[in-house]
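In what follows, every chain begins at residue 1, and chains take the letters A, B, ... in the order their sequences are listed.
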Protein chains: 2
Amino acid sequence: MTSIPVGYHGVMPLAPSSHTAASPTASRSAAASTTERLLDAFEEILVDGGERSATLGAVAAAAGVSKGGLLYHFASKDALIEAQLDRLVVRAAEDTENIRTAPAGAVDHLIRTSVNIGSPLDRSFIATTRLAQGRHEKAIETLDTIRKGWLSVIEDSVGDPDTALAIMLVSDGLYGNSSLAGMPSAPAVKAEAESMDRLLTVLARLCTRTE
Amino acid sequence: MTSIPVGYHGVMPLAPSSHTAASPTASRSAAASTTERLLDAFEEILVDGGERSATLGAVAAAAGVSKGGLLYHFASKDALIEAQLDRLVVRAAEDTENIRTAPAGAVDHLIRTSVNIGSPLDRSFIATTRLAQGRHEKAIETLDTIRKGWLSVIEDSVGDPDTALAIMLVSDGLYGNSSLAGMPSAPAVKAEAESMDRLLTVLARLCTRTE
DNA sequence: GTCTATACGAAGATAGAC
DNA sequence: GTCTATCTTCGTATAGAC
């Protein structure tokens, strides 16, 4: 199987303009650059198979290049990881703003987006979770920083730090469970939606002290 | 292969009541059987260094034996993992009973024990978390089963399934964060204790009757 | 029960051809 | 930019000595 050389093709229209990591010759646009495809492949393998299966060979193959090809773009495995972390930071920053300005409120938005639906941020985040569980120091720090940002937004929204912490922990729990479960089927997602509504109703009780 | 299943032989040895409490036997280098020491070493390396660093060589060395010595007790790495999972199941079963019969209430007990303080259960649980993040199927299933047991107890305690879920998620979040942070220092644990009290106060709001 | 020696393959990384 | 060797180290597992 696996006739298509291009491993992953989920992300679409977004123009890969901002790239904090080293980008050799990011010419033009159109289809995803090899660098982007490599990062996509890396994240996907990390999410689906865990840290151990995310070898340079596996990543290269999934992106449709050879190991040597990969190593042209990322001089070492750690360079690949660093670029992945940079990518997460960018995506998380956008997300934090989305939470802050969410029409339905920060809590509602945070909780609802705390389950993996396969979004680019989900993939980047869960991929980093795998690296963090492998005790990669910078991955742990990156997750911690992002989490602090989210917590801060929730604090601003609900006022009380302890309440914000409780909500943040629910989010952590949801994401953690979600990252262990396989990607749910479409109908399963729908079923989860109802559960999600009820959960939010319950959590609303936490915020009944707004002053 | 292996017509002689010398490999793994469960962890049946009945443990003296002090199982859930910290084993007073100083470190992991004395009287315990080699099998136990190997499992202790495996879990500790998994917790401290992640899945990748938990190689047979590292485990054997930490337990004070050679690779060959380890392989006498556990015929393969997977046998080692299976034994580790069995160990978690036993410890978690005891813990579930402790939660159910906790004087301060199930919720209070669950939440308070959802931060890593280095107990045998903590180590077994977090070690399994590492394996689960490495996408080890049985590790994922084991965690899921244990979690369902805890959730069930909380449900019995608080009555409402959705409220129970919220509390369970807070527990998941706490454990997840705790497993990423390094083992905190004694004073840090104390500081956390106050935060824990406040968190429980907040969570108490969830259990307010909603008729 | 535990050790040493070794087979075998996988993983990260380099060199250089195209 | 990408590929094909190739080197080296590491990880799992086997065989057999003590």
Side-chain angles (χ1 to χ4, degrees), chain A residues 4-7 16 19 21-42 45-46 49-84 130-131 134-136, chain B residues 1-9 11 13 28-42 45-46 49-84 130-131 134-136:
Chain A
I4 305 173
V6 182
H19 196 249
S23 54
T25 342
S27 53
R28 306 172 212 148
S29 47
S33 65
T34 300
T35 299
E36 289 297 305
R37 274 186 297 118
L38 283 166
L39 285 172
D40 287 342
F42 183 45
I45 293 173
L46 236 17
E51 195 197 6
R52 276 192 121 198
S53 60
T55 67
L56 297 185
V59 172
V65 296
S66 65
K67 266 202 269 187
L70 184 160
L71 287 163
Y72 168 77
H73 296 281
F74 301 101
S76 68
K77 185 161 192 181
D78 210 65
L80 180 62
I81 293 175
E82 298 269 321
Q84 194 277 313
R130 307 274 190 250
L131 296 175
R135 309 301 293 164
H136 189 284
Chain B
M1 52 191 67
T2 60
S3 49
I4 306 175
V6 187
Y8 132 73
H9 18 304
V11 274
R28 57 281 160 188
S29 57
S33 69
T34 301
T35 299
E36 289 297 305
R37 273 186 299 119
L38 284 166
L39 285 172
D40 286 343
F42 183 45
I45 293 173
L46 235 18
E51 196 197 6
R52 276 193 119 198
S53 60
T55 66
L56 296 184
V59 172
V65 296
S66 65
K67 272 199 260 187
L70 183 161
L71 287 163
Y72 167 78
H73 295 280
F74 302 101
S76 69
K77 185 161 192 180
D78 210 65
L80 180 63
I81 292 175
E82 298 269 321
Q84 194 277 313
R130 307 275 190 250
L131 296 175
R135 309 301 293 164
H136 189 286

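The side-chain heavy atoms of B/H73 and B/V65, taken from C-beta on, include no pair separated by under 4.5 Å. No side-chain heavy atom of A/T34 sits less than 4.5 Å from a side-chain heavy atom of A/L70.
Checked options A/R130, A/R52, A/E51; the residue passing with B/R135 is A/R130 (criterion: side chain to side chain contact (heavy atoms under 4.5 Å, CB included)).
Residue B/G69 is the one, among A/A75 and B/G69, whose nearest nucleotide of DNA chain C lies closer to the 5' end (criterion: closest heavy atom). Both B/L70 and A/G68 lie near DNA chain C, and the one whose nearest nucleotide falls closer to the 5' end is B/L70.
Of the listed nucleotides (D/dA13, C/dA13, D/dT2), D/dA13 has the atom at the smallest distance from the side chain of B/L56. For A/K77, the side-chain atoms get nearest to C/dG12 when compared with the rest of C/dG12, D/dT12, C/dG1.
Counting to the nearest Å, the P atom of D/dT14 and the CZ atom of B/F74 are 16 Å from each other. When the C1' atom of C/dA11 is taken as reference, atom CZ of A/F42 falls 14 Å away, rounded to whole Å. In this structure, B/D78 atom CG and D/dG11 atom P are separated by 18 Å, rounded to whole Å.
Among the atoms of the strands shown, only primed sugar atoms or phosphate atoms (P, OP1, OP2) are found under 4.0 Å from some heavy atom of A/T55. Nucleic acid contact class of A/L71 (heavy atoms, under 4.0 Å, all strands): base.
Remark: A/Y72 is not in phosphate contact with D/dT2, judged by side-chain N or O atoms under 4.0 Å from OP1 or OP2. Checking the phosphate oxygens (OP1, OP2) of C/dT2, a side-chain nitrogen or oxygen of B/T34 falls inside 4.0 Å. Distances shorter than 4.0 Å separate some side-chain N or O of B/R52 from OP1 or OP2 on C/dG12.
At a cut-off of 3.5 angstrom, counting only N and O atoms as typed in the model, there is a donor on one side and an acceptor on the other between the side-chain of A/K67 and the base of C/dG12.
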Candidate pair A/F74 and A/T35, rule side chain to side chain contact (heavy atoms under 4.5 Å, CB included), full reasoning: CA-CA 8 Å; A/F74 301 101; A/T35 299; 3.5 Å; yes
